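Convention: sequence-line order gives letters A, B, ...; per-chain numbering from 1. Every value quoted in this text rests on a predicted model; they were computed, and no experiment measured them.
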There are 2 protein chains.
Amino acid sequence: MKQAHEVFMDYLRDNGLSMTPQRAMIVDAFLSEEGHFTSEELFTKVRQRDPAIGLATVYRTLKLLTDSGLADAFDPGDGVSLYEHNYGHEHHDHLICIVCNRKVEIMDAEIEERQRQLARENGFELQNHRMLLYGICPECDEKGGH
Amino acid sequence: MKQAHEVFMDYLRDNGLSMTPQRAMIVDAFLSEEGHFTSEELFTKVRQRDPAIGLATVYRTLKLLTDSGLADAFDPGDGVSLYEHNYGHEHHDHLICIVCNRKVEIMDAEIEERQRQLARENGFELQNHRMLLYGICPECDEKGGH
DNA sequence: GAAATATTGATTCTCAATTTCAATAAATAT
DNA sequence: ATATTTATTGAAATTGAGAATCAATATTTC
Ligand SMILES: [Mn+2]
Ligand SMILES: [Mn+2]
Ligand SMILES: [Zn+2]
Ligand SMILES: [Zn+2]
């Protein structure tokens, strides 16, 4: 399996884009992040390494990361996109606690199959999907329901 | 089954709110709409009947409609909420054409059951969910892929 | 009725994300 | 290498849906 950096370099080359110090640093910062994070959170980490880098460049590079397949973005429902690593990660959906905002990664082969079937039944060529389950996590249920 | 108007009236009463000419008209306009529509589209229809009604009141009433169970809102992915009738309508999710934006209502009991199971497995109390399938509809596939 | 409370429309504000643009950097041609 | 073209950058302005503000009205309660 190719290195994530290499995937990004290939994407740049294939699209006539060039690697720059800013892009290299933002990609590094992205790859060193874990879990789910916002553009602002990544920007904060980027600033720690180089305060000269602008927010616009972070947004632009996040788009490149997404388009190159290194990142995946989704909106958990509040209008603020969350990013996560996508390269070398299996597809999954999210179960979100409406109290503490915790996110659990979920995946169900049967659901995925039924999704394909639903698309097929309607003559659609399925491209992708988003599924978000909202509920109350065990910890919050404990605290809240005494 | 109660009339939609009655459901709204009950909601107002139960929450110490009063019916007003503006609310009555917006609810009427909402109920006479079909399919999936934006706040702007509803606002346009409302203005045709009474140009004095403000956009803020449409937003406020859409919230009442949603909270009372008459309306359901969801974001198809572009950050602009779509509203639809909810009262007397079965729950469903949406299959969306990424080319022409057509929306097909879908529902799969097996998926719904697996969603509950996934929540259960993680100790979550499932409250609700959103599922959006994105693909290319038969018509657009025809046009595009010749 | 009068007083208290709720609702309204216009306007301003919010906030994530995008766009603009002049300056700078990189790639390409000479 | 140097000139020319092209791409990228950061700061700042812009966008757009939706929420908040507020003085003027309308409604409800006393
Ligand atoms: Mn995830
Ligand atoms: Mn629908
Ligand atoms: Zn929780
Ligand atoms: Zn289509």
Per the atom types in the model, does the base of D:dG10 pair as donor or acceptor with the side chain of A:Arg60 at under 3.5 Å? yes
Touch check for A:Thr38, heavy atoms < 4.0 angstrom, all strands: base, sugar-phosphate only, or nothing?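 Since no nucleic acid heavy atom lies under 4.0 Å of A:Thr38, the category is nothing.
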Pick base, sugar-phosphate or nothing for B:Leu17, based on heavy-atom distances below 4.0 Å to the nucleic acid.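 Sugar-phosphate, no base atom in range.
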Would you tell me if any nitrogen or oxygen in the side chain of [X] comes within less than 4.0 Å of OP1 or OP2 on [N]?
X: B:Ser81; N: D:dA17; answer: no
X: A:Thr57; N: D:dT8; answer: no
X: B:Tyr59; N: D:dG18; answer: yes

Between [options], which one does the side chain of [X] approach most closely?
X: B:Thr20; options: D:dT9, D:dA11, C:dT8; answer: C:dT8
X: B:Pro21; options: D:dA19, C:dT8, D:dT27; answer: D:dT27
X: B:Ala56; options: C:dA17, C:dA10, C:dA26; answer: C:dA10

Among residues 66-80 of chain B, which residues get a heavy atom nearer than 4.0 Å to DNA chain D? B:Gly79, B:Val80
Take the protein atom CG of B:Leu55 and the nucleotide atom P of C:dT7, then report the distance between them rounded to whole Å. 18 Å
Apply the test salt bridge (Lys or Arg N to Asp or Glu O under 4.0 Å) to residues B:Lys103 and B:Glu84: give CA-CA distance (whole Å), side-chain angles for both, the deciding distance (0.1 Å), then the verdict. CA-CA 12 Å; B:Lys103 285 151 203 87; B:Glu84 63 184 326; over 6 Å; no
With sequence neighbours excluded, residues passing side-chain contact (heavy atoms from CB on, under 4.5 Å) with B:Glu112: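 In terms of side-chain contact (heavy atoms from CB on, under 4.5 Å), with neighbours along the sequence ignored, B:Glu112 is linked to B:His91, B:Asp93, B:Met107, B:Gln115, B:Arg116, B:His129.
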Decide whether B:Tyr59 and B:Ser39 meet the rule of one side-chain donor and one side-chain acceptor closer than 3.5 Å. yes
Whether B:His85 and B:Phe30 hold their rings parallel, tilted or perpendicular, with breakpoints at 30° and 60°: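 Ring orientation, 0 to 90° scale: tilted.
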Carefully, step by step, assess B:Val80 and B:Glu40 under the rule side-chain contact (heavy atoms from CB on, under 4.5 Å). CA-CA 10 Å; B:Val80 184; B:Glu40 278 296 336; over 6 Å; no
Let me see the working for A:Val27 and A:His5 under side-chain contact (heavy atoms from CB on, under 4.5 Å), right down to the final yes or no. CA-CA 8 Å; A:Val27 170; A:His5 277 100; 4.2 Å; yes
